[in-house]
Amino acid sequence: MLPVLPSMSERRKPYPFDILEPKWQAIWEQRIAFHAPNPGEPGFDPARPKYYVLDMFPYPSGSGLHVGHPEGYTATDIVARYKRFRGFNVLHPIGWDAFGLPAEQYAIRTGQHPEVTTRQNIAHFKKQLKRIGFSYDWEREVSTADARFFRWTQWIFLQIYQSWFNPETKRAEPIATYTGDDPDSVRLAYVAEVPVNWCPELGTVLANEEVIDGKSEVGGFPVVRRPMRQWMLRITAYAERLIDELEPLDWPEGIKLLQRNWIGKSTGAEVRFAVAESDDVIAVFTTRPDTLYGATYMVLAPENPLVDRLTTNEQQAAVSAYRAQVSAKSDLERTDLAKDKSGVFTGAYAINPANGERIPIWTADYVLMGYGTGAIMAVPAHDERDLEFANRYGLEIREVVASGAVSPPGSARASRAVSGALAGKSSGGAADLAGEAPAPAREARALPRLEDGVAINSPLIDGLATPEAKKRITSLLEEKGLGRRTINYKLHDWLFSRQRYWGEPFPIVWQQGKHRAIHESELPLVPPPLDDFKPTGTGEPPLARAKDWVRYSDTATRELNTMPQWAGSCWYYLRFCDPGNEERFVGAAPERYWMGSGNDEAQNEISHSAQPGGVDLYVGGTEHAVLHLLYARFWHKVLFDLGHLSTGEPFQRLVNQGIILGEDGRKMSKRWGNVIDPLDVIAEYGADAFRCYEMFMGPLEQMKPWSMTGVEGVARFLARVWRLATEENQEGEWALSAAVQEVEPTRAHLKVIHATIKKVSEDIEALSFNTAIAQMMIFVNAFTSPPGSARASRAGAGASPATARPGSLPGGTFPARVPETAGEAPALPGVSRSVPVAALRTLLVLLNPFAPHLTSELWERLGERFPITPNEITGQPWPDYQPEFLVEDEVEIALQVNGKVRDRIMVPIGAGKAELEALARANPRVQEFIAGKTVRKVVAVEKKLVNVVAT
RNA sequence: GCCAGGGUGGCGAAAUUGGCAGACGCGCCAGACUUAGGAUCUGGUGGAGCAAUCCUUAGGGGUUCGAGUCCCCUCCCUGGUACCA
């Protein structure tokens with residue numbers, strides 16, 4: 001009879017992770033092991049510094065986590081566990097971004113209430129996360145769709161609604177401090193008519209991400225822009241601070257740049273053009289006021305109301321037709337596809353304030369209503385778009401900037417031949433440049449000229465270099481009241497309302513056409529129950545169906561819009577500090593402790609004053625580089641201005657994890673069938689192997705493909721760790737190995753131990769987890785491979801220390817080392833296969849943040865034979881390395897001839913340059929290569945190499 | 001088009017201030033132990049060459065005693081963005 005063999009899958013398990021991982025997860029759960037108490041709560045230790053490490057919380061989708069999600073989570077978990085060893089109070093929470101479109105769309109299809117699907121999805125996500133063994137503080141779990149949470153989202157909206165941005169103080173202030181007569185015009189939350197994506201066929205408004213190439217994602221129906229009454233948040237008021245206060249943050253430079261570009265600050269001037277034969281004035285924004293003389297026509301955006309006023313009777317038909325044509329185009333057609341510029345002459349003329357010339361006013365859709373004033377002065381000689389347009393319609397092109405040397409200051413000034421409004425009584429001895437100008441007009445060069453140069457054909461500023469010309473003309477315009485220096489931003493105010501069901505209802509009611517806030521005591525305002533989530537067809541949000549709910553009083557009705565998904569994620573990191581608080585969105589003391597720059601008790605210590613505060617480490621995907629982070633910073637600043645928070649920025653250090661691709665190198669998606677579920681990987685190799693592989697793949701920030709054989713390799717490493725401490729007995733059970741003994745590590749072992757402590761500590765701080773794991777592999781190789789084996793030698797543990805080397809001569813001559821060939825290295829006396837307990841314990845602590853289950857188990861088993869208090873790995877301090885174990889007596893240096901390595905020799909660590917040079921010159925290999933040549937130079941670098949240059 | 005980040009063995013990747021390219025792992029080759037091996041252990045493994053030796057960090061140029069690393073140009077990949085005056 002054959003013995004009963006374990007099944008294939010069981011046999012393949014190199015160590016019993018399937019038993020010990022659930023065991024430890026149960027222990028952690030039962031002990032609530034990773035709960036961080038707040039200041040004042042039992043168990044809180046005020047002596048410890050705080051560390052807040054945060055993941056971007058997930059949207060609990062129906063498909064669950066794939067292996068890409070936990071990459072960042074694993075990184076933060078390692079940091080969290082590491083910081084706990086380092087004596088920090090660690091805040092490491094997780095929650096759910098639970099409002100959102102997919103659940104609503106699912107509800108529309110199935111009638112299943114979003115709350116039900118969301119609850120199920122959360123349960124699945126939670127199961128996945130727990131099985132990976134993350135050390136989240138589950139006591140702090142929050143969900144944005146939970147009334148206990150969104151009550152405060154609504155409350156924060158009210159704070160925003162009830163305040164305004166005081167341009168004097170550059171801060172948000174309660175609306176009561178506003179002394180003007182129309183508070184609604186300055187509120188940070190306001191109502192405006194703005195265009196939305198309206199799909200007539202579906203009878204609904206679509207989010208931008210639901211519109212693909214101008215068609216609805218569902219059904220492919222046309223989508224048009226239609227103005228609707230919307231809630232807006234005045235984020236533009238904070239544009240300047242959002243740029244300035246970005247600077248000191250410890251974020252990737254690329255992300256900061258992305259945010260700056262998104263905000264898109266540009267400095268220029270607003271210039272007012274009078275309309276000929278009319279009282280109307282067209283204001284334009286330009287970053288190149290110095291090219292004012294080159295403005296040969298003007299363009300109004302088709303939506304600009306002035307178009308109606310200015311268009312002459314003769315042009316009426318053409319203009320109307322053009323505007324109709326434009327409005328039928330989607331945004332995409334208008335921008336992406338519109339390579340050919342189009343436009344129509346309005347029939348009207350404006351007066352160029354610089355020279356009094358009449359210039360035609362056109363309307364064209366290459367000018368956007370949403371930026372600047374919705375009108376431009378066109379300078380075709382110095383603007384690509386204007387040039388293209390001018391060429392198409394035969395408009396005048398006049399160069400006003402020339403290349404060439406900048407004239408000495410004051411050598412050229414205003415001309416006399418000026419008739420424009422600006423010229424009036426302006427100063428100006430004229431200087432005739434004709435003689436000395438380098439005749440730029442004759443140069444055959446491509447227009448437009450966009451670079452800075454020298455103003456020409458511009459009497460008031462001729463000869464001035466562009467920056468000076470800008471300043472000069474702007475101040476002249478200012479003097480005459482024809483313009484002023486202005487700053488413009490690409491950033492728009494935030495469209496904050498959605499025509500959706502599954503989001504936070506606004507705490508707002510409407511009465512006689514006016515909005516007002518409901519009282520705080522009426523929060524949370526819970527969405528009404530519905531069983532039909534379909535669009536109403538009229539463009540009214542689904543909440544309109546709940547007639548009773550909508551009716552607030554005899555005279556007032558509720559706001560029907562809901563907030564966007566961003567709302568909850570704008571402040572969830574604050575709620576984590578105090579998730580159960582029923583009095584406030586976050587208690588003052590917990591906020592001060594976790595978000596502040598240090599704990600109250602330690603505030604006087606200098607070491608803490610350097611800490612800027614906020615979330616100490618925030619890890620998430622690049623897809624949130626702009627919007628989420630910008631919106632959250634905005635809310636944070638408002639709350640800070642209103643005195644609710646202790647810091648001005650929420651996230652001190654930000655890191656983006658890269659995307660994990662499928663094994664086929666493509667993005668993981670159902671479509672390719674390459675999605676990998678963490679639970680499947682864990683069933684096969686265990687959670688520790690999963691975690692370690694996620695980190696071993698490569699740098700955190702980088703995009704990289706998944707590889708199952710890679711997981712296997714890491715699993716083998718963990719199995720080696722397991723077998724370093726245990727051996728299988730007769731019964732097939734794993735028992736603590738006899739090799740584990742209370743012995744002193746060898747000197748070579750000490751070197752590996754301390755090198756590993758150093759590298760792992762530094763690498764965790766730098767989030768270079770892949771190299772930290774590599775170093776721990778070296779450690780394990782050094783202890784598992786026989787001394788003298790190649791593996792041990794490479795690890796540095798098998799190689800003989802200097803003192804054991806024969807042939808070392810005192811007195812300053814250092815014989816070259818005989819190159820070691822494989823297997824030749826002598827076994828060191830006293831080295832046995834015994835594993836020193838202390839070394840093993842050190843490894844277990846270093847590895848614990850990466851592989852918490854395995855290391856906890858081994859630590860516990862070690863305690864059975866070698867008792868230690870406390871007998872819990874998490875109670876241990878992080879080891880410190882001792883530099884003295886890292887220094888060597890000898891170091892190998894390379895001998896180069898003309899930059900090519902010709903030999904390597906061992907020299908005493910202190911060998912100076914002269915000694916090195918002498919050794920190099922005396923070296924037979926070197927001599928061989930310099931024979932017959934003249935030595936020109938010898939470069940000696942201590943502890944590195946000698947390079948003999950000979951020709 | 002513009003902005004950002006990349007390009008190093010068959011693969012994932014290492015590499016202080018410029019100082020021995022390829023650590024660590026995967027894969028592969030050979031061997032040991034085995035009835036067996038997708039287990040474990042040992043050795044080998046960038047390319048060419050019998051060898052000495054030569055070549056090698058996308059490609060080309062430059063600075064330097066010395067360049068994956070610094071400078072210039074070109075090509076390719078990924079992400080973001082799209083007439084922002």
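A, B, ... follow the sequence lines: proteins, then strands. Residue 1 opens every chain. These numbers come from the heavy atoms of this one structure, side chains and all, not from hydrogens, waters or symmetry mates. None of the values given here were measured: they were computed from a predicted structure.
- Residues satisfying the salt bridge (charged side-chain N to carboxylate O under 4.0 Å, His left out) test with A:Lys265, not counting sequence neighbours, are A:Glu240.
- Applying the side-chain hydrogen bond (donor to acceptor under 3.5 Å, both in side chains) criterion to A:Thr296, with sequence neighbours excluded, gives no partner residue.
- Partners of A:Arg398 under the side-chain hydrogen bond (donor to acceptor under 3.5 Å, both in side chains) rule, at least two apart in sequence or in another chain, are A:Glu357, A:Glu396.
- For A:Arg485, there are no side-chain hydrogen bond (donor to acceptor under 3.5 Å, both in side chains) partners, not counting sequence neighbours.
- When each of B:U53, B:A85, B:A14 is scored by its nearest atom to the side-chain atoms of A:Thr771, the top-ranked nucleotide is B:A14.
- At the phosphate of B:A39, neither OP1 nor OP2 sits under 4.0 Å from any side-chain N or O atom of A:Arg723.
- Heavy atoms of A:Thr286 sit under 4.0 angstrom from primed sugar atoms or phosphate atoms, though from no base atom.
- Within the structure, side chain to side chain donor-acceptor pair (under 3.5 Å) pairs that include any residue of residues 693-706 of chain A comprise A:Glu71-A:Lys704 (at least two apart or interchain).
- Residues that satisfy the side-chain hydrogen bond (donor to acceptor under 3.5 Å, both in side chains) test with A:Trp251, not counting sequence neighbours, are absent from this structure.
- For A:Arg902, a side-chain nitrogen or oxygen approaches OP1 or OP2 of B:C54 to under 4.0 Å.
- Taking every heavy atom of residues 943-951 of chain A and every atom of RNA chain B, pairs under 4.0 Å involve A:Lys944, A:Leu945, A:Asn947, A:Val949, by number.
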In dot-bracket form, how is RNA chain B paired, counting a Watson-Crick or G-U wobble pair only if both its distances are under 3.5 Å and using | for bases paired to another strand? (((((((..(((......[....)))((((((.......))))))(((....)))..(((((..]....))))))))))))....
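- Contacts between residues 620-629 of chain A and RNA chain B, counted as heavy-atom distances below 4.0 Å, involve no residue at all.
- In this structure, A:Lys704 does not reach the B:G12 phosphate: none of its side-chain N or O atoms is under 4.0 Å from OP1 or OP2.
- Per the geometry, CE belonging to A:Met697 stands 11 Å off P belonging to B:G12, to the nearest Å.
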Pairs under 3.5 angstrom only: tabulate donor-acceptor contacts from the side chains of residues 936-951 of chain A to other protein residues two or more places apart or in another chain.
| unit_1 | atom_1 | unit_2 | atom_2 | d |
| --- | --- | --- | --- | --- |
| A:Arg936 | NE | A:Thr951 | OG1 | 2.6 |
| A:Arg936 | NH2 | A:Thr951 | OG1 | 3.2 |
| A:Asn947 | OD1 | A:Asn898 | N | 3.4 |
| A:Asn947 | OD1 | A:Gly899 | N | 2.9 |

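- Applying the salt bridge (Lys or Arg N to Asp or Glu O under 4.0 Å) test to pairs two or more places apart or on separate chains, those with a residue in residues 656-666 of chain A are A:Asp664-A:Arg666.
- With sequence neighbours left out, the ring-ring contact (aromatic ring centres under 6.0 Å, His included) criterion links A:Tyr489 to no other residue.
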